[in-house]
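A short write-up of the structure that comes next.
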Amino acid sequence: QHFANLEALRASPTLLRTCLSGIGLPCSGKGKQAKPLQELGFFHDSMGDHCRAEIQKGNKTYAATEHGKMVPDPPILEYIQRQLAMAAIHGRSLYYADGWNRNINQLMFALQEMLKQGYFPIFLLFTTPPEECIRRAEPAAKERTHRKDNHVVIDRIIEWAPENELVFQQVRKLHRLKQVELIEVDNTGLEVEETTLRIFTQLDQIVGRQLTLPQAANQLPGHKQTALQPATFETFAEPSRAAGINPRRFSLPLLGHALA
């Protein structure tokens, strides 16, 4: 299927500097969309790959994931900030952040950094149910990829599911407030290609709306939008404060998007 707007974006990525953030449980299908998105021109940055690399280096801070727990926020937030800053420096206009946002604090911090670096934020929620993710994690499952640590992956799914749902709810709230764009996909029973088609269809529509909007006088670099709807910084700061982080250290005026 031909996606005219995505083809235009692939040909000229600076038309709409985009950060697509894939959120979902382990085995929900986030990583399987990396290849088709890379073919579209997106740079793939996997938090899972980063964590595994740190564990191999002997970084004990990341060892929590080996017991089904989440890595503490500070190194994750530092990684997000560094990666987006480097992406801007290296001109990576299309960015696929795979598995970055495991809790609300990480979500809100990542959104702030996306805007700070001039990226248009689109969140891709893999809403595949936990029981389906667990089924895929079983050693006998044909989708299984982490065959040596299936019990650890299953523990992560069970442990992370409640927080994952809270993140989904927060993204939907931001979407209702017209702060972000949103794509949701439950790929239960779907082949990878079918899931890609559903994602690309919605992504093409979102990009098309943005590319047809006139330039706004006060927009962030790389954004095309109208009637920017200011959001007070306090809307986004509370989750950071609750985690003991000073959000003002990374502050900038956060802008909402009044979408067509």
Side-chain angles (χ1 to χ4, degrees), residues 1-24 30 33-34 36-44 84 87-88 91-98 100-101 107-108 110-127 167-187 193-231 235-236 252-260:
Q1 183 171 339
H2 180 65
F3 299 103
N5 298 308
L6 295 183
E7 288 295 334
L9 190 61
R10 176 163 59 180
S12 301
T14 56
L15 286 173
L16 186 67
R17 297 184 67 230
T18 302
C19 185
L20 181 65
S21 181
I23 304 175
K30 304 182 301 297
Q33 294 306 312
L37 285 167
Q38 286 174 315
E39 292 173 353
L40 190 60
F42 279 81
F43 178 83
H44 177 225
L84 285 175
R92 292 169 179 155
S93 296
L94 304 178
Y95 207 90
Y96 178 41
D98 171 1
W100 276 17
N101 306 303
L107 166 71
M108 303 309 289
L111 174 59
Q112 179 175 301
E113 291 301 302
M114 290 176 202
L115 295 174
K116 180 178 179 180
Q117 299 299 339
Y119 283 98
F120 181 74
I122 304 175
F123 286 88
L124 173 56
L125 305 187
F126 290 84
T127 59
V167 171
F168 283 178
Q169 292 174 15
Q170 183 72 359
V171 173
R172 290 170 183 138
K173 178 181 178 181
L174 290 169
H175 182 245
R176 289 195 300 272
L177 293 172
K178 299 183 179 179
Q179 300 300 312
V180 302
E181 274 286 16
L182 171 62
I183 298 171
E184 296 195 44
V185 59
D186 177 355
N187 53 29
E193 294 77 10
E194 295 176 283
T195 303
T196 302
L197 180 61
R198 293 189 180 191
I199 293 170
F200 278 25
T201 298
Q202 295 180 67
L203 187 58
D204 188 72
Q205 294 169 355
I206 292 170
V207 171
R209 288 199 296 271
Q210 293 302 310
L211 294 184
T212 57
L213 294 178
Q215 288 285 101
N218 61 341
Q219 68 180 36
L220 288 170
H223 289 199
K224 291 178 177 293
Q225 55 203 13
T226 58
L228 283 175
Q229 176 182 319
T235 306
F236 301 88
L252 75 160
L254 294 180
L255 302 178
H257 308 280
L259 303 172

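When reading the values below, keep in mind they use all heavy atoms of this one structure, side chains included, and skip hydrogens, waters and symmetry mates. Residue numbers count from 1 along this sequence.
- Judged by distance alone, the side chain of Thr18 and the main-chain N or O of Leu16 form a donor-acceptor pair under 3.5 Å.
- In this structure, CG on Asn101 lies 4.5 Å from CD1 on Ile23, to the nearest 0.5 angstrom.
- Residues Met108 and Leu174 meet the side-chain proximity criterion, which asks for heavy atoms closer than 4.5 Å.
- The shortest distance between side-chain heavy atoms of Phe123 and Ile183 does not fall below 4.5 Å.
- Residues Phe126 and Ile199 form a side-chain contact, since some pair of their non-hydrogen atoms from C-beta on lies under 4.5 Å apart.
- In this structure, Thr201 and Phe3 have side chains that are in contact, with non-hydrogen atoms separated by less than 4.5 Å.
- Nearest heavy atom pair, residue Pro13 against residue Leu94, reads CB-CG, 3.9 Å.
- In this structure, Gln205 and Arg209 have side chains that are in contact, with non-hydrogen atoms separated by less than 4.5 Å.
- Listed here is the closest heavy atom pair of His175 and Val180: CD2-O, 3.2 Å.
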Start with the C-alpha distance between Leu37 and Asp98, add both sets of side-chain angles, then the distance that settles side-chain contact (heavy atoms from CB on, under 4.5 Å), and finish with yes or no.
CA-CA 11 Å; Leu37 285 167; Asp98 171 1; over 6 Å; no
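- When all heavy atoms of Cys19 and Leu84 are compared, the closest pair comes out as SG-CD2, 4.4 Å.
- Taking each heavy atom of Ser93 and Tyr119 in turn, the nearest pair found is O-CE2, 3.7 Å.
- The side-chain hydrogen bond (donor to acceptor under 3.5 Å, both in side chains) search around Glu184 returns Arg172, not counting sequence neighbours.
- The main-chain N or O of Gln117 is found under 3.5 Å from a side-chain atom of Arg17 such that the two form a donor-acceptor pair.
- Interatomic distance, CG of Leu182 versus CZ of Arg176, reported as 10.0 Å (0.5 Å rounding).
- Residues Leu40 and Leu203 meet the side-chain proximity criterion, which asks for heavy atoms closer than 4.5 Å.
- Looking at Ser21 and Met114, their side chains come closer than 4.5 Å, going by heavy atoms from C-beta outward.
- In this structure, Tyr96 and His44 have parallel ring planes: the angle between them is below the 30° cut-off, well short of the 60° mark.
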